[in-house]
Number of protein chains: 4
Amino acid sequence: MGGTTTSAGATRATSRGRIDKRQAILDAAFTVFADRGYARAGVEEIAEVAGVAKHTVYNHLGDKENVFHAAMEATGNAVMAENVAAAEHLAMDGAADPDAVRSRLEDVANRLLVQCCDPRSWALRRLLNAESASFPDLLESVWGHGADRLRQTLADRMARLSLAGVLRTCDPVEAAEQFLALLTGPMEARSQFGTRPVPEAELRGVVNAAVSTFLRAFQSDHLSATASAAAS
Amino acid sequence: MGGTTTSAGATRATSRGRIDKRQAILDAAFTVFADRGYARAGVEEIAEVAGVAKHTVYNHLGDKENVFHAAMEATGNAVMAENVAAAEHLAMDGAADPDAVRSRLEDVANRLLVQCCDPRSWALRRLLNAESASFPDLLESVWGHGADRLRQTLADRMARLSLAGVLRTCDPVEAAEQFLALLTGPMEARSQFGTRPVPEAELRGVVNAAVSTFLRAFQSDHLSATASAAAS
Amino acid sequence: MGGTTTSAGATRATSRGRIDKRQAILDAAFTVFADRGYARAGVEEIAEVAGVAKHTVYNHLGDKENVFHAAMEATGNAVMAENVAAAEHLAMDGAADPDAVRSRLEDVANRLLVQCCDPRSWALRRLLNAESASFPDLLESVWGHGADRLRQTLADRMARLSLAGVLRTCDPVEAAEQFLALLTGPMEARSQFGTRPVPEAELRGVVNAAVSTFLRAFQSDHLSATASAAAS
Amino acid sequence: MGGTTTSAGATRATSRGRIDKRQAILDAAFTVFADRGYARAGVEEIAEVAGVAKHTVYNHLGDKENVFHAAMEATGNAVMAENVAAAEHLAMDGAADPDAVRSRLEDVANRLLVQCCDPRSWALRRLLNAESASFPDLLESVWGHGADRLRQTLADRMARLSLAGVLRTCDPVEAAEQFLALLTGPMEARSQFGTRPVPEAELRGVVNAAVSTFLRAFQSDHLSATASAAAS
DNA sequence: CATGAATGAGCATTCATTCAT
DNA sequence: AATGAATGAATGCTCATTCAT
């Protein structure tokens with residue numbers, strides 16, 4: 001991999017420069033779209049933020065609409081990958097110790113919540129929400145597999161927890177869905193749709209409340225007895 | 001004064017005509033804003049939909065931004081009033097019969113969900129979410145007291161259920177918050193941010209799941225025993 | 001007409017009210033036109049300043065253009081009357097004493113200059129100048145006889161001074177014209193077209209310079225000899 | 001500078017094209033502003049007259065107000081340069097022959113008057129007068145140094161004439177000011193603020209009268225004696 | 001490929017004017 | 001006669017997009 005000639009290096013550098021420029025445009029585009037909205041965002045400002053000429057944006061991505069789609073898809077993938085990665089932390093390598101379950105859930109809940117409260121995450125959801133009426137295909141291409149992947153990943157872990165006897169028998173998809181709802185639902189109001197940062201403490205409160213409620217509802221009965229005994 | 005019916009009628013008709021026209025503008029404005037977004041919406045189209053001249057809109061509301069604020073505030077109040085009314089159906093006039101509790105919760109959950117899935121409700125949330133970055137005061141003036149009123153109303157009922165021994169001792173605000181989260185959280189994904197209608201059956205499923213989980217987590221222990229026994 | 005005293009009184013009062021209102025509109029119109037220009041001035045603002053409803057302006061004067069013409073004519077007449085009155089102060093009741101001539105000229109020059117530097121005068125000239133291209137008839141109807149009347153009045157006095165042997169034989173109209181030119185010409189630059197007030201001292205300087213030059217050019221030779229002897 | 005390569009030529013052509021377009025816009029702008037006034041003038045018409053698209057005007061000059069300022073400044077400079085050039089013709093290369101002085105003054109007076117009666121000159125003054133209330137900085141930036149430069153140039157020549165014994169000892173600035181006043185003052189009324197052309201003959205009459213009066217007032221005494229003797 | 005100049009369409013807003021009361 | 005509401009036309013300005021270099 002090191003024996004490239006000069007010309008190859010130059011080519012790679014150029015191509016890398018092209019890729020970098022494209023990425024810079026996409027990043028800039030998402031930034032601008034994020035705090036102006038689709039309609040208010042100007043291609044010129046995107047170009048300025050990206051440090052390229054206006055027309056270069058057109059050369060690379062052809063269209064304002066396409067710039068939008070590409071930028072959304074790109075950051076959508078990035079955000080989703082992080083979310084799924086966070087969800088994958090919910091493993092079952094330990095024993096069925098009730099406290100361990102709780103702390104694991106809290107851990108993954110915390111990770112998920114931090115991801116969800118990331119400004120980029122809020123911006124993504126905001127744009128998705130705002131423009132899904134104007135661009136019906138947007139949801140499918142951006143959120144489409146992503147959201148499902150997160151829910152499915154979480155559902156997988158729930159299923160394994162259920163099989164392991166930690167959680168009671170239940171529909172794992174529903175459990176995952178409600179776990180996420182308990183987690184992210186309260187954030188919308190508290191963070192004012194992401195316009196105001198939520199203090200760390202409040203965030204922890206939400207995590208604890210969500211996990212507590214979730215466990216009360218889904219923990220196996222014999223465990224919940226011990227757990228509630230321990231909690232008291 | 002009051003002698004002639006005609007003059008009184010005429011006067012009232014005029015004044016009513018003005019009010020009607022203003023209301024027509026606000027309604028039209030919300031409709032147009034709802035499916036175009038703030039920036040894409042044209043004052044001209046609003047006027048057309050309202051059946052008035054473009055300038056009449058300016059005469060009544062002065063400014064596109066102000067039209068937006070007024071329209072949002074108006075439908076925001078309407079939507080919130082309905083939501084609160086739905087929440088107020090959660091009363092405790094019956095005995096502490098577990099089945100009664102469940103069916104009451106399901107009833108109010110259903111009402112709330114129907115409200116939340118109303119296209120106007122989705123549009124309101126979408127616009128609020130989309131434009132709260134551009135108009136920071138919007139949230140306060142539209143959602144501001146409304147959202148709290150819903151949560152507080154629901155919390156009040158939760159507190160009374162708790163006092164009556166139906167629900168276990170808990171923070172009623174948190175309980176209300178999570179009840180709403182379990183209810184509305186899953187809808188966001190299922191209805192694609194409100195762009196696709198959710199079939200009645202699926203809606204009922206969400207209601208049942210939410211109520212079930214909520215009861216499992218918050219019902220008093222001695223009742224939940226009987227309840228689960230009855231459910232099986 | 002005049003049958004009942006009451007109705008006549010009422011009528012007269014009403015009619016007076018009408019006249020007052022009309023005058024108020026014209027005054028307000030001139031004020032607004034003066035500091036906004038014709039095109040920028042709004043009928044609404046005129047109505048507000050006059051303290052009447054917008055449509056009342058139309059009732060009284062029919063048209064924005066007509067409002068403008070009427071307002072210009074009215075203040076034009078007023079300004080011109082004052083100017084002519086000032087010019088008429090140049091009388092020859094005294095003897096042909098050189099010093100008396102100078103002081104009389106200075107007196108009338110001062111009066112004329114004060115009139116010309118009146119904000120209303122500047123505004124009138126400014127509007128006349130600005131809009132005479134758009135309304136070709138304006139000059140005729142506003143300045144038309146007025147300007148001539150001033151020049152003729154002044155020329156009359158010059159002629160009498162000439163006949164009295166105080167001024168040398170000359171074309172009195174030309175003398176009047178140049179007298180006015182020497183007087184008002186320097187003011188244009190000094191007062192920045194009337195946008196900045198000219199200090200009293202500078203004003204006197206202009207008067208003195210104008211009168212001196214005028215006398216040097218137009219005083220009878222035998223008098224100018226004595227005058228210059230006296231001045232030295 | 002003759003051996004330019006093709007690329008240099010192309011570059012120059014392009015850049016010249018840009019400059020030409022900008023100049024075309026400024027010229028068109030002044031024309032339109034001149035016969036419509038600032039407020040009535042439309043950017044669209046300016047663009048049409050200039051033969052460019054409306055937005056090109058904005059690309060080059062950014063703003064209607066800025067278009068106005070730039071156009072005023074440009075023609076202001078041009079007009080003033082011509083005026084100063086005319087004033088500079090008042091030289092003293094000949095002897096102190098009274099007739100020579102008169103003819104020289106008449107020459108320069110004629111040149112100045114021709115400049116002042118140029119439609120562009122009238123338009124410039126009209127706009128300056130009309131809009132100096134709305135744009136207080138306009139006078140400074142357009143007339144500012146220009147008017148002074150003319151007066152100072154003329155004053156310089158007056159001073160040299162005075163030193164040469166042709167004119168009597170006097171304040172040269174005041175002499176210049178009054179010379180201009182005698183020249184341009186009468187034109188305002190006669191040309192109806194520049195709306196009607198003044199016949200050549202009348203123009204000469206004004207020049208002769210102005211020079212005559214000026215000389216009578218400012219020529220050295222011993223010369224004026226000979227001059228008046230010659231004139232009779 | 002990257003750029004700067006140019007374009008045409010679209011939009012919020014203002015204003016003189018008319019209608020109904 | 002006086003008013004307030006309503007209108008249609010006009011205007012400054014922005015923006016996505018294309019052309020020539």
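Throughout, a chain's letter reflects where its sequence line sits, starting with A, and its residues are numbered from 1. As the structure is a computational prediction, the values presented were derived from the model and not from experiment.
For the pair C/G42 and D/A53, nearest-nucleotide mapping onto DNA chain E gives the more 5' position to D/A53. Between B/G51 and D/G62, the residue anchored nearer the 5' end of DNA chain F, judged by the nucleotide with its closest heavy atom, is B/G51.
In this entry the distance linking CG of D/L61 with P of F/dG12 reads 14 Å, nearest Å. Look at NE2 on D/H60: it is 8 Å from C1' on E/dA6, rounded to the nearest Å. The CD1 atom of A/I25 sits 9 Å away from the P atom of E/dT3 (whole-angstrom rounding). The interatomic distance linking B/R36 (CZ) with E/dA12 (P) rounds to 12 Å, in whole Å. The separation between D/F33 atom CZ and F/dG12 atom C1' is 12 Å, rounded to whole Å. Remark: C1' of E/dT17 and CD of C/E65 are 14 Å apart, rounded to the nearest angstrom. Counting to the nearest Å, the C1' atom of F/dG4 and the CD atom of C/E44 are 11 Å from each other. For the pair A/R22 CZ and E/dA2 C1', the interatomic distance rounds to 17 Å; values are reported in whole Å.
Between C/K54 atom NZ and C/E44 atom CD the span is 4.0 Å, to the nearest 0.5 Å. Distance check, rounded to the nearest 0.5 Å: NE2 of B/H69 to CG of B/L61 gives 12.5 Å.
When heavy atoms are screened at a 4.0 angstrom cut-off, D/A47 is found touching no nucleic acid atom at all. B/A39 comes within contact range of no nucleotide atom at all, as no heavy-atom separation falls under 4.0 Å.
Residue D/V52 has its side chain nearest to E/dT7 when only F/dT3, E/dT7, E/dT17 are considered.
The side chain of D/K21 contributes no N or O atom lying less than 4.0 Å from OP1 or OP2 of E/dA5. The phosphate of E/dA12 (OP1 or OP2) has no side-chain N or O of B/K54 nearer than 4.0 angstrom. Close to E/dA2, at under 4.0 Å from its OP1 or OP2, lies no side-chain N or O of A/T56.
For a distance-only test at 3.5 Å, the side chain of C/K64 fails to qualify as a donor-acceptor partner of the base of E/dT17. With hydrogens and angles left out, the side chain of D/H55 and the base of F/dC15 share a donor-acceptor pair within 3.5 Å. Residue-to-nucleotide contacts include a donor-acceptor pair under 3.5 Å from the side chain of B/N59 to the base of F/dA6.
The backbone N or O of C/V52 sits nowhere less than 3.5 Å from a side-chain atom of C/T56 that would complete a donor-acceptor pair.
Partner assigned to F/dA2 is E/dT21, using Watson-Crick or G-U wobble distances below 3.5 angstrom. The partner of E/dG10 is F/dC13, judged by Watson-Crick or G-U wobble contacts that both fall below 3.5 Å.
There is no side-chain donor-acceptor pair under 3.5 Å between D/N77 and D/E73.
Ion pairing of C/R40 with D/E131 is present here, as a side-chain N (NZ or NE/NH1/NH2) and a carboxylate O approach within less than 4.0 Å.
Under a cutoff of 6.0 Å and an axis angle of 45°, A/K64 and A/Y38 form a cation-pi pair.
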